[in-house]
Amino acid sequence: MSFSDWREVRIGEVISFNPSESLKKGEIAKKIAMEQLEPFTRKIANYELSKFTGGSKFRNGDTLFARITPCLENGKTAYVNILDDNEVAFGSTEFIVMRKKEKITDDMFVYYLAISPDFRNKAIQSMTGTSGRQRVQQDVLQSHKIMLPPLHEQKAIAATLSALDDMIELNNQINKTLEEMAQAIFKSWFVDFEPFRDGEFEESEIGPIPKGWKVGMLGDFVEIVDNRGKTPPLSDVKTEYPIIDVRALSGESRVIDYSNCTKYVEKEIYDSWFRSGHPKHLDILISTVGSIAEMKMFYGNKGCIAQNVVAFRSNGISPCYLYQYLQYSKGDLLSYNIGSVQPSIKVTHVIKYKIIVPDEKTMSSFDMLMESISDQIHRNANESQILIAIRDTLLPKLISGEIRVPVEEVV
DNA sequence: AACCTGACCAGTGCGTCTCC
DNA sequence: GGAGACGCACTGGTCAGGTT
C-alpha cells in the first residue's frame, strides 16, 4: 500500500461544520445536554424531550464536539446514533457539530478524527476568551490541514476502531445487567424475604424478619478507614498510588474508573502519611461531601482515600452483602444529610443505621452467589480498560497512516 | 484527631449583544 | 430575524486551615 491516494486537505473542505438544520422555536425535540456526554465515550448515554429554544442542531451520524473549557479538555465528544432517520435533535450551544460530506468522508471516521490527539490539540491551542471561559476558534479547526485517506480506507479505519468501541460498550452493558441482577436478588432475599416465606418469622425493631436473623447497627459490622480530613503532599507525576476522591466514586459501576483519578502520592507518603491506613480489597468506599453516598467496591490493594471519602471494611458480614445493602439503602443514607450549603453526611451518624443480618448459612450462600457476579463485573471492567488503552494507542497511528489497515482495492 | 467553614475552581445553562 | 459569540450566574466539588 502506498500513500499516493492519501491527499492533503483542509478539514473544512471535507467536513461540514454546524450544517444548517431547521427546528421551530417551541417545537418538542430530543435534547442532548452537555452533561449527557461522557468523557472519551462515543455513545450518548441519554437524552430528554424538550422545547427547542436554541442551540446546536444535528442528525444521526453527526459528531458532537464540546468546544468550551473544560469540557473539550475532558474529551466530551460523541457520535449521534440515538435518533430516527431524518430526525433533527438539538443540544448545548457549546457543541460544534461535525458532519461527513457525501462521497468524501465517512461519518464514523469523522468521529475518530475528532477524538484524535492531533485534532484535539489543535482545537485546544486555538482556544480564546476571557473570564476563564475559553472556547475553540472554529475557523482554525476548519483550516487545519490533515492527510485524508480515500473513503474506503476511512471506512476500514473506522471499522477497526469501532470494533473496539463496540466491545467496550457491550462490556458496559453486561455489567449494567449484572448490577441489576445482583440488586434484584438482594431485594428478593432481604427485603421481600421470598426464599424464606415458608419459614417462621419474628418481630424485630424494624419489622418482621425470618427467625434466627438479627438486626444491628451498621457500626457493629464495619471498621472505618478515613484519612483525617486532610490532603497529603501530592506527587508531581503519576504513581501507582492514586488518590480516590469523591469524583472517582461517581458512575453506575461498582468498579472505580481510575481515569477519574488525577492525583497521586509517592510511595514514601503512601507508607507514612495515612495513619488510619489504606483501603483493602473489597472495602466499600463512600463519599461524604458533595455527591454524598456514592459508593464503589475497592478491588486490589493500591490507592489512598481522599478527604470526604471513607472506607467501610466489613467485619463479620460478607463484603458483597454489605455493598448490596448500602446500595439498596442509598435513599436512607442520603437522609443523613446535614449540610446546609452543600450536602454532607457524618460517619458517626451513618454507623447507627440499623441493618438486617441473616443467619450464617444464608449469608454464606448469598456471598457465594454475589462473589461470582462481583468478580465478573470486575473482570469486564478491567477488560474494558485494556480495550480503551488499545484503542487510544491505535487511533492516532491509524488516523495518521503510521499503521495501515488492509483494504480491498476499489476499482 | 475530628470536625467545620469558607475561599476558590470547575462545570454548565442562559441571556444579551453583534453581525450577517 | 436568526445564528453565533461571549459574558454572567448559579451549582457542584476540592481543599486549606481554623476550631473544638
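Side-chain nitrogen and oxygen atoms of Lys57(A) include at least one within less than 4.0 Å of the OP1 or OP2 phosphate oxygen of dA3(C). For Arg247(A) and dA10(B), the shortest distance from a side-chain N or O to OP1 or OP2 is not below 4.0 Å.
As a whole-Å value, the separation of Ile305(A) CD1 from dT14(C) C1' is 16 Å. Between the NE2 atom of His349(A) and the C1' atom of dC3(B) there is a distance of 11 Å, given to the nearest Å. Rounded to an integer number of Å, the gap from Ile32(A) CD1 to dG13(B) P is 12 Å. Atom pair Lys31(A):NZ and dC14(B):P shows a separation of 5 Å (rounding to whole Å applied). Distance CD1 (Ile68(A)) to P (dG7(C)): 10 Å, rounded to an integer number of Å. Atom CZ in Phe17(A) sits roughly 12 Å away from atom P in dA5(C) (whole-Å rounding).
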Could you go through residues 10-20 of chain A and list every donor-acceptor pair under 3.5 Å that involves a side-chain atom there, pairing it with any protein atom two or more places apart or in another chain?
residue: Arg10(A); atom: NH1; partner: Ser143(A); partner atom: O; Å: 3.2
residue: Asn18(A); atom: OD1; partner: Val97(A); partner atom: N; Å: 2.8
residue: Asn18(A); atom: ND2; partner: Gln138(A); partner atom: OE1; Å: 3.0

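When Tyr112(A), Tyr111(A), Tyr79(A) are each tested for a side chain to side chain donor-acceptor pair (under 3.5 Å) with Asp165(A), only one passes: Tyr112(A).
Among the protein residues, Glu94(A) comes within range of the nucleic acid bases, having at least one heavy atom under 4.0 Å from a base atom.
For Val88(A), the side-chain contact (heavy atoms from CB on, under 4.5 Å) criterion is met by Glu21(A), Leu23(A), Lys57(A), Arg59(A), not counting sequence neighbours.
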request  = Take Glu169(A) and Lys43(A) through the test salt bridge (charged side-chain N to carboxylate O under 4.0 Å, His left out) and record every step on the way to the result.
outcome  = CA-CA 8 Å; Glu169(A) 283 168 17; Lys43(A) 192 176 171 184; 5.2 Å; no
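When distances are taken from the side chain of Lys263(A) to each of dG4(C), dT14(C), dG13(B), the shortest belongs to dT14(C).
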